[in-house]
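Notes follow the structure.
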There are 2 protein chains.
Amino acid sequence: MADMTGTPPRGRRGTRPSGEERESAILATAERLLEEDRAIQDISVDDLARGAGISRPSFYFYFASKDAVFLALVDRLVAQADAGRGDLLDRLSEDPAARWREGLHVFFETFGAHRAVARAGAQARLTNPEARELWAGVMENWVHDATLAIDSERARGAAPPGQPARDLAIALVSMNERVLYATFAQDPPAVDEAHVVDVLLSIWLGAIYGAPSGP
Amino acid sequence: MADMTGTPPRGRRGTRPSGEERESAILATAERLLEEDRAIQDISVDDLARGAGISRPSFYFYFASKDAVFLALVDRLVAQADAGRGDLLDRLSEDPAARWREGLHVFFETFGAHRAVARAGAQARLTNPEARELWAGVMENWVHDATLAIDSERARGAAPPGQPARDLAIALVSMNERVLYATFAQDPPAVDEAHVVDVLLSIWLGAIYGAPSGP
DNA sequence: CGAGTTTGTCAACACGCTGTTGAGAATTGA
DNA sequence: TCAATTCTCAACAGCGTGTTGACAAACTCG
């Protein structure tokens, strides 16, 4: 869903680096600067341009704005997250706890692998409408899958009735996002990276299979 | 809720409004602009100054920066949150579910009463080191109380052992923050305001009293 | 190979924001 | 009434974004 610039691959050696190389250089620079723990607002267009070896006006040939660069990075991460999610739902009757753990682990791995980008995304979500929509879409996918899984477990009698499955799913997925953010950014109070999946799992299991307290 | 110019001490008519009046006017303007769903970055020092009836340089007589104004607002909210928290812990054996619900309700009320400020605080946390510390302090207080309460419930045999109480508390308090933020900001996917306390409660109860799944 | 199109580049500019300076007006207190 | 204190703002300095228009390099096609 990210880039639609078709720029074909005609690359000669020795000439000035062109097209996609420059675009990639900008993206790589952006991710590198984020990994130095700098916030989006502390990175200027000039930083990105210089990092990619071009002038500031040239930057605008490739991206419409600074935000567009970070949005492209988040876009990439989001694609990975969606790909990794796979079919969490399909085989949950085998071994529910192990299945759920697997799902949480995908979450953990996806955001952990590019934590700097994840951090930037969580930040951009609060200031950029496009980023908010992008992020909302990902969350919605996770919530949707989790809702189906909870309803399915209830239908087969493995989980008791309780609060609406979708509401539980929203709260649990939101928890994952916030807790993993704190863990990866080491933003206290945070759970240790080694335990975080187990802690989240125990809450998911308690919420889904534990004592009902619904209306 | 906007107008808090309480005409303090030496107020003569006709003279220029002075000192605390001006400071209050700046704070009131800041909260009003936040309530118009504007982000901190979309509010300029000039907006605050004009809203308070002074020039931009005069603004700097009262506050060191734009962030200092919002920090003062968050500070106020934080004080309320700490005050409202009270002694959640002391009487939990009477009726655990009702007690926990009460605690969640305080959370809900505190952030709901000044949701625009809460939203700004959650945003400032990501960009401003002082705001981050302030917020971390509040979170830590909630986490601390919840940790003691969980350990206490385990000690008297009302709750089974499981993940470390502090880790559970961190995850649950983080969930509260994130879920209430989404609900109040209507940032999808979000739980409906009318159900959100019940949904959160069922997860807290499931996590604390539900089936153990320890390491 | 050479003329025209496409692609990429950047100096210079326009504008908006933050934060500072220094001159001076209003108010207070003796 | 006169000086200290408190408060105010025009003007300035500086940095960031985004735009313009002139120009260069590479590709295309006769």
Side-chain angles (χ1 to χ4, degrees), chain A residues 3-27 29-30 33-34 38-72 120 123-124 127-131, chain B residues 5 7-27 29-30 33 38-72 120 123-124 127-131:
Chain A
D3 59 62
M4 38 194 31
T5 59
T7 15
R10 45 136 172 70
R12 280 295 304 134
R13 283 297 95 180
T15 77
R16 81 179 159 204
S18 272
E20 306 194 354
E21 287 181 307
R22 287 262 143 102
E23 196 173 318
S24 297
I26 292 172
L27 288 170
T29 301
L33 294 178
L34 284 178
R38 294 170 64 174
I40 291 179
Q41 61 175 19
D42 297 331
I43 298 174
S44 72
V45 171
D46 206 58
D47 292 331
L48 297 176
R50 287 186 186 285
I54 56 177
S55 74
R56 208 161 54 77
S58 291
F59 166 91
Y60 287 101
F61 181 83
Y62 297 102
F63 291 94
S65 69
K66 185 174 67 174
D67 278 12
V69 176
F70 296 106
L71 216 57
Q123 181 187 327
T127 58
N128 183 303
E130 288 183 79
Chain B
T5 56
T7 8
R10 42 132 170 79
R12 280 295 302 139
R13 285 296 95 179
T15 77
R16 81 179 160 207
S18 271
E20 308 192 355
E21 287 181 309
R22 288 259 145 105
E23 195 172 318
S24 296
I26 292 172
L27 288 170
T29 301
L33 294 177
R38 294 170 63 175
I40 290 179
Q41 61 175 18
D42 298 330
I43 298 173
S44 71
V45 172
D46 205 59
D47 291 332
L48 297 176
R50 287 187 186 285
I54 57 178
S55 74
R56 209 163 52 77
S58 291
F59 166 92
Y60 287 101
F61 181 83
Y62 296 103
F63 290 95
S65 69
K66 184 173 68 173
D67 278 12
V69 176
F70 295 106
L71 216 57
Q123 182 187 326
T127 57
N128 183 303
E130 287 184 79

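Just so it is clear: chains get the letters A, B, ... in the order the sequence lines come, proteins before strands, and each one is counted from 1.
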A:Lys66 side chain to A:Ser44 backbone, donor-acceptor under 3.5 Å: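 Checking the backbone N and O of A:Ser44 against the side chain of A:Lys66, no donor-acceptor pair under 3.5 Å is found.
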How many whole angstroms separate atom [atom1] of [X] from atom [atom2] of [N]?
X       : N      : atom1 : atom2 : result
B:Arg56 : C:dT20 : CZ    : C1'   : 10 Å
A:Ile43 : D:dC15 : CD1   : P     : 19 Å
A:Asp42 : C:dT18 : CG    : P     : 16 Å
A:Asp47 : D:dG16 : CG    : C1'   : 11 Å
A:Ile54 : D:dA25 : CD1   : P     : 18 Å
B:Phe59 : C:dC17 : CZ    : P     : 14 Å
A:Leu48 : D:dG16 : CG    : C1'   : 13 Å
B:Arg50 : C:dC17 : CZ    : P     : 11 Å

Among [options], the nucleotide that comes nearest once only the side chain of [X] is considered:
X       : options                : result
B:Pro57 : C:dC10, C:dG19, D:dA11 : D:dA11
A:Tyr60 : D:dC9, C:dG19, D:dG18  : D:dG18
B:Phe61 : D:dT17, D:dA11, D:dC7  : D:dC7
A:Tyr62 : D:dG18, C:dG8, C:dT18  : C:dG8
B:Val45 : C:dT18, D:dC9, C:dG8   : C:dT18

Distance in Å, B:Asp47 CG paired with B:Arg38 CZ, rounded so as to fall on 0.5 Å steps: 4.5 Å
A:Ile54 vs A:Ile26 side-chain heavy atoms within contact, under 4.5 Å: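 Yes, at least one pair of side-chain atoms sits under 4.5 Å.
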D:dC7 phosphate, OP1 or OP2, under 4.0 Å from B:Ser58 side-chain N/O: no
Trace of the side-chain contact (heavy atoms from CB on, under 4.5 Å) decision for B:Asn128 with B:Ile40: CA-CA 11 Å; B:Asn128 183 303; B:Ile40 290 179; over 6 Å; no
B:Arg50 atom CZ: more than 12 heavy-atom contacts under 6.0 Å: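 Open: at most 12 neighbouring heavy atoms sit under 6.0 Å from CZ of B:Arg50.
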Sugar-phosphate, base or nothing in reach of A:Ser44, heavy atoms under 4.0 Å: sugar-phosphate
